[in-house]
Amino acid sequence: MTKARMKTKIRTKTRKTQAEYPDINGMFIYHDELHRIVYAPLFSRRGYLIPKSQIHEFYRYTQRTMISIFIGLAATVLLGMNVFDGFFTGLAVYLVWTGYFSARFLNQLATVEPFHRPKKENYFITLSRKYSVATFCGLIALSLVFVLVLGIVTMTGAPTPAELTTNLILMSGVGLFALIHAIALIIRWKTDQA
């Protein structure tokens with residue numbers, strides 16, 4: 001067997017291993033002293049062991065916060081709801097989805113009790129490794145375009161006080177999202193330069 005064919009086989013195995021066992025991190029996700037993946041909700045002393053075979057299913061549920069926020073924003077902007085109705089719509093979606101997550105997914109997992117949370121690294125450092133530089137730039141650009149367009153629509157129209165408040169809250173939230181990702185991008189850039 002030639003060296004080129006051996007290198008190709010080694011690369012293929014590495015890619016397959018990375019695809020089967022992705023790096024998992026996020027809020028309330030820890031690794032214990034045995035390097036097992038543990039999900040520990042904020043007010044719980046119980047940790048749930050996530051088998052590597054169920055990581056992809058777990059990821060479907062971890063997006064519930066962002067999707068609930070998006071649904072609340074969409075209800076506010078597209079359906080003409082006021083901010084509070086949009087907020088409670090998003091909150092209702094989040095609570096139902098979290099209940100389903102607990103009943104359908106968490107209850108079938110092995111647990112660790114009591115689970116002592118190890119210290120986690122800074123959120124921005126974790127976030128800086130989550131996306132590529134191109135993805136960070138795309139997220140920031142889309143957020144800024146959204147804020148700019150909504151600002152122009154607000155300034156050129158004659159919004160009611162409720163609409164003005166809604167638009168300002170939306171622009172602030174999306175602007176904060178862009179700022180957080182810009183900080184993570186700077187950390188990623190400095191890490192890549194070192």
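In this structure, Val153 shares a hydrophobic cluster with Val145, Val149, the cluster being traced through Ile, Leu, Val, Met, Phe, Trp and Tyr side chains under 4.5 angstrom apart. The hydrophobic cluster analysis finds Val96 isolated: no Ile, Leu, Val, Met, Phe, Trp or Tyr side chain comes under 4.5 Å of it, directly or through other members.
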Could you go through residues 87-94 and list every donor-acceptor pair under 3.5 Å that involves a side-chain atom there, pairing it with any protein atom two or more places apart or in another chain?
unit_1, atom_1, unit_2, atom_2, d
Thr89, OG1, Asp85, O, 2.8

Mind listing the side-chain donor-acceptor pairs of residues 163-171 below 3.5 Å, one per line with the distance, residues two or more places apart or on another chain?
unit_1, atom_1, unit_2, atom_2, d
Glu163, OE1, Thr160, N, 3.1
Thr165, OG1, Pro161, O, 2.8
Thr166, OG1, Ala162, O, 2.9
Asn167, ND2, Thr154, OG1, 2.9

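Scanning both residues, Gly175 and Val147, for their nearest heavy atoms gives N-CG2, 3.9 Å. Across Leu144 and Ala178, no two heavy atoms sit closer than the pair CD2-CB, 4.2 Å.
Within the cation-pi definition used here (under 6.0 Å to the ring centroid, within 45° of the axis), Arg64 qualifies as a partner of Phe101.
To the nearest 0.5 Å, the span separating OH on Tyr48 from CG on Leu109 amounts to 8.5 Å. In this structure, the separation between OH on Tyr39 and CD1 on Ile50 is 8.5 Å, given to the nearest 0.5 Å. Rounded to the nearest 0.5 angstrom, Thr111 OG1 and Arg45 CZ are separated by 13.0 Å. Rounding to the nearest 0.5 angstrom, the gap separating the CD atom in Glu57 from the CD atom in Gln108 is 6.0 Å.
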Checking side-chain contact (heavy atoms from CB on, under 4.5 Å) for the pair Tyr30/Ile37: CA distance, chi angles, key distance, verdict?
CA-CA 6 Å; Tyr30 303 88; Ile37 300 167; over 6 Å; no
Before you tell me yes or no, could you show the steps for Arg188 and Val133 under side-chain contact (heavy atoms from CB on, under 4.5 Å), namely the whole-Å CA-CA distance, both residues' side-chain angles and the distance that decides it to 0.1 Å?
CA-CA 8 Å; Arg188 173 70 177 263; Val133 172; 4.1 Å; yes
For side-chain contact (heavy atoms from CB on, under 4.5 Å), just list the numbers for Leu49 and Val38, CA-CA rounded to whole Å, side-chain angles, deciding distance to a tenth of an Å, and then say yes or no.
CA-CA 5 Å; Leu49 297 173; Val38 181; 3.6 Å; yes
Kindly determine whether Phe58 and Ile29 satisfy side-chain contact (heavy atoms from CB on, under 4.5 Å), including the steps that lead there.
CA-CA 11 Å; Phe58 177 73; Ile29 299 171; 3.5 Å; yes
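When the side chains of ILVMFWY residues are joined at heavy-atom separations under 4.5 Å, either directly or via intervening members, Phe105 and Ile67 end up in a single hydrophobic cluster. Leu148 and Phe146 end up in different hydrophobic clusters when Ile, Leu, Val, Met, Phe, Trp and Tyr side chains are linked at under 4.5 Å.
Counting only residues at least two apart or in different chains, salt bridge (charged side-chain N to carboxylate O under 4.0 Å, His left out) contacts with residues 142-162 are absent. Residue pairs meeting the salt bridge (charged side-chain N to carboxylate O under 4.0 Å, His left out) criterion with at least one member in residues 92-112: none, sequence neighbours excluded.
For the side-chain contact (heavy atoms from CB on, under 4.5 Å) with Ser143, the lone residue among Leu176, Leu179, Val174 that qualifies is Val174.
Aromatic ring pairs are classed by plane angle as parallel below 30°, tilted from 30° to 60° and perpendicular above 60°; the pair Tyr100 and Tyr61 is tilted.
Under the 4.5 Å side-chain criterion, counting only non-hydrogen atoms from C-beta, Lys52 is in contact with Ile55.
Residues Ser132 and Thr135 have side chains that bring a donor and an acceptor to within less than 3.5 angstrom of each other.
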